[in-house]
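Note sheet for the following structure.
Because the structure is a prediction, the values reported are computed rather than measured.
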Amino acid sequence: MDKIVSVPPNRRALLKTIGVGAAGFASIPLLSACTGASAKSAASASASLLPAPPGQIEPLLDRPKVTAALAWLDGFIRDAMDQTGLPGMAVAVVYQDEVVYSEGFGVREVGKPERIGPDTVFLLASVSKPLASTVVAGVVGRQVINWTDPVIEHNKGFALNDDFVTRNASFADLMAHRSGLKTGAGDLLEDLGFDRAYILGHLNQEPLDTFRSSYNYSNFGYTEAGQAAADAMKMTWEDLAEEILFRPLGMSASSYRHSGYENATDKASIHVPLGNKQWSAKFRRNADSEAPAGGASSSVRDIAQWLRLQLGNGTYDGKPVIDPAALQTTHVPHAVSGPASAPAARSHFYGLGWNVSYDDQARVQLGHSGAFNLGTATAVAMLPGEQLAIVALTNGRPQGIPEAITSGFLDAAQHGSPTVDWLGFTAGIFEQIYASGKPAIDYTKAPSTPSPAKANTAYTGTYDNTYYGPLVVLEQGGKLAMRMGPASSPTTFPLTHFDGDTFSFESIGENGNGLAGALFAEGGDGSSPAVTLDVYDATGLGTFTRAT
């Protein structure tokens with residue numbers, strides 16, 4: 001933790017405090033140092049003035065309001081599932097250190113009778129992040145690390161694509177997504193099956209944005225922070241989470257190991273939509289390589305205990321578990337994640353594993369969503385000042401459903417019933433997200449008169465790439481294919497001719513979005529000297545050069 005040093009107020013401090021606005025001005029120590037006539041004058045003037053703004057908003061909710069919102073919740077969940085056909089969901093609510101709601105809806109897997117309940121285990125996706133920052137806060141509280149420590153002090157192998165950033169990037173920088181790593185850095189390596197060590201060891205090839213002045217959501221930057229905390233404790237990340245968080249809270253259904261999810265007898269399969277409210281459990285998603293950022297699994301019964309810890313400022317069942325100062329550091333803004341688009345608009349912030357925002361009543365609101373395109377969507381939201389929190393876990397591809405549930409519930413608690421069509425609103429946002437991710441070239445629409453390809457031998461061979469490893473282009477049954485990924489478990493992609501020296505292939509994994517292109521360069525000797533895979537070239541690392 002940063003040390004806070006108390007110093008006498010001076011002109012610079014006064015001007016700085018004035019600059020932060022009226023709330024800051026009201027807290028200047030100078031104002032409490034009045035003596036004699038100045039104090040009497042201040043006391044006289046105060047009789048005609050309003051009181052100073054409070055440091056935090058007093059609770060605006062009470063148990064009857066929360067109870068009324070809970071009475072509405074069942075119907076809203078069932079309606080959302082009816083509208084979308086979502087196979088299953090589980091929801092829990094915590095209020096004033098009590099689990100006041102914990103229910104399951106629907107089935108674990110389409111076509112099978114097993115029902116979802118409060119103990120059903122779901123993949124959490126990025127709701128893993130606030131869990132992970134709680135774990136790291138536990139390490140900070142033990143004074144093994146500080147949030148401001150450069151991670152390289154605890155993981156000597158850490159390196160990014162800039163020596164200054166490598167030497168200075170702290171746990172807070174990585175967990176607030178302000179290290180400069182671009183959004184998705186390392187994710188495509190995960191899709192190919194590379195493990196955590198390989199991916200973290202190759203982040204130094206990823207181009208960087210501005211250090212500490214940019215916000216780019218990075219799973220593997222976040223993972224690096226968790227891994228470095230585990231290194232400092234001389235433990236695996238998975239064991240660290242068990243020791244610091246899961247075991248003290250009795251979260252027996254929770255794990256950062258994919259095997260923990262797979263071995264659960266009561267687990268929700270992941271699903272993708274087929275259209276017309278039909279869903280299919282066609283994929284598996286192993287996120288072990290990014291475990292701190294997205295690899296946790298849990299039930300709403302377990303998550304409710306963690307929410308009690310969060311609302312209890314690190315205390316659970318009357319016992320201190322996480323240092324409150326270390327935990328509070330995760331709840332405050334560290335990066336501007338969404339700058340205000342207009343003078344009167346609000347900005348949005350990211351803490352350490354939490355989205356941080358402020359509502360119409362100036363109350364802090366903490367939340368996070370989790371999303372696997374292969375079939376799970378989750379959300380958690382808290383109003384710490386109200387001692388109120390909700391979690392919604394689903395077994396379907398993200399469509400804004402858990403976000404609608406969490407937002408709708410908090411809205412209903414405040415106003416008696418929702419004031420927004422939350423499902424329509426959040427669904428629209430996710431539709432825009434998916435539309436923006438479509439490939440730049442539609443390889444399903446081949447030219448009516450494509451240029452012919454060269455002979456297969458012009459393309460076959462081995463191509464080198466320091467980031468993705470070797471790519472082998474080979475001939476299978478008279479057609480081309482390419483093989484890449486970890487040597488122990490490579491993936492073979494059939495290639496289909498598109499036009500000239502361009503071929504298409506089916507993209508895979510969490511970031512797969514249909515057909516992608518393999519663009520072979522033309523060589524003077526008749527053989528292609530290089531090939532660029534456009535789906536793997538988002539940050540300029542997708543060109544493979546023919547091995548000599």
Side-chain angles (χ1 to χ4, degrees), residues 1-5 128-182 185-186 195-245 256 289-293 295 314 322-335 350-354:
M1 295 292 295
D2 294 332
K3 293 182 178 179
I4 300 175
V5 180
S128 303
K129 289 182 174 70
L131 281 171
S133 66
T134 309
V135 173
V136 178
V139 180
V140 172
R142 296 185 183 193
Q143 300 184 347
V144 176
I145 64 172
N146 290 312
W147 289 117
T148 53
D149 282 352
V151 295
I152 197 169
E153 292 181 2
H154 305 282
N155 178 3
K156 301 302 182 183
F158 170 68
L160 295 181
N161 198 3
D162 181 282
D163 184 59
F164 179 85
V165 179
T166 297
R167 287 185 285 107
N168 289 278
S170 67
F171 288 93
D173 292 326
L174 291 169
M175 300 189 86
H177 305 298
R178 64 185 191 194
S179 69
L181 282 168
K182 300 293 184 69
D195 63 17
R196 189 185 312 168
Y198 182 96
I199 297 170
L200 297 182
H202 286 73
L203 290 181
N204 62 343
Q205 297 186 45
E206 287 278 2
L208 296 178
D209 206 339
T210 310
F211 182 48
R212 290 182 180 159
S213 296
S214 60
Y215 172 85
N216 298 292
Y217 192 83
S218 171
N219 286 321
F220 283 97
Y222 201 96
T223 295
E224 172 59 49
Q227 183 61 56
D231 293 341
M233 290 286 289
K234 297 180 172 55
M235 301 175 70
T236 66
W237 168 259
E238 294 76 9
D239 287 344
L240 179 67
E242 188 72 31
E243 176 179 308
I244 285 186
L245 183 62
Y256 269 102
S289 60
E290 61 164 81
I322 304 294
D323 178 73
L327 186 63
Q328 177 59 19
T329 300
T330 70
H331 293 171
V332 301
H334 288 261
Y350 199 86
L352 304 180
W354 288 101

What distance do [X] atom [atom1] and [Y] atom [atom2] have between them, rounded to the nearest 0.5 Å?
{"X": "Gln143", "Y": "Asp323", "atom1": "CD", "atom2": "CG", "result": "8.0 Å"}
{"X": "His154", "Y": "Ile145", "atom1": "NE2", "atom2": "CD1", "result": "6.0 Å"}
{"X": "Leu200", "Y": "Asn155", "atom1": "CG", "atom2": "CG", "result": "8.0 Å"}

Ring pair (Phe, Tyr, Trp, His ring centres under 6.0 Å) partners of [X], counting only residues at least two apart:
{"X": "Phe220", "result": "none"}
{"X": "Phe158", "result": "none"}
{"X": "Tyr215", "result": "His177, Tyr350"}

Would you say the side chain of [Y] lies within less than 4.5 Å of the side chain of [X], judging by non-hydrogen atoms?
{"X": "Phe211", "Y": "Arg178", "answer": "no"}
{"X": "Leu174", "Y": "Tyr222", "answer": "no"}
{"X": "Trp237", "Y": "Val136", "answer": "yes"}
{"X": "His334", "Y": "Thr329", "answer": "yes"}

Got a donor-acceptor contact below 3.5 angstrom from the Thr330 side chain to the Ala326 backbone?
-> no
Check: Tyr198 main-chain N/O paired with Asp195 side-chain donor or acceptor under 3.5 Å | yes
In sequence, state the C-alpha distance, the side-chain angles, and the governing distance for Asn204 and Leu160, and then conclude on side-chain contact (heavy atoms from CB on, under 4.5 Å).
-> CA-CA 4 Å; Asn204 62 343; Leu160 295 181; 5.6 Å; no
Tell me, please, which residues at least two apart from Asp239 pass salt bridge (Lys or Arg N to Asp or Glu O under 4.0 Å).
->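 If we apply the salt bridge (Lys or Arg N to Asp or Glu O under 4.0 Å) test to Asp239, skipping adjacent residues, the hits are Arg257.
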Which residues satisfy the salt bridge (Lys or Arg N to Asp or Glu O under 4.0 Å) test with Glu224, sequence neighbours excluded?
->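 Partners of Glu224 under the salt bridge (Lys or Arg N to Asp or Glu O under 4.0 Å) test: none.
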Basic-acidic side-chain contact under 4.0 Å: Lys182, Asp209 | no
Below 4.0 angstrom, N of the basic side chain to O of the carboxylate: do Glu238 and Arg196 qualify?
->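 The answer is yes: the pair qualifies as a salt bridge.
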Salt bridge (Lys or Arg N to Asp or Glu O under 4.0 Å): which pairs involve residues 156-172, sequence neighbours left out?
->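 For residues 156-172, and leaving out neighbouring residues, the salt bridge (Lys or Arg N to Asp or Glu O under 4.0 Å) pairs sorted by first residue read Asp163-Arg167.
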Go through the steps to decide whether Glu243 and Met233 satisfy the test side-chain contact (heavy atoms from CB on, under 4.5 Å), and finish with yes or no.
-> CA-CA 11 Å; Glu243 176 179 308; Met233 290 286 289; 4.3 Å; yes
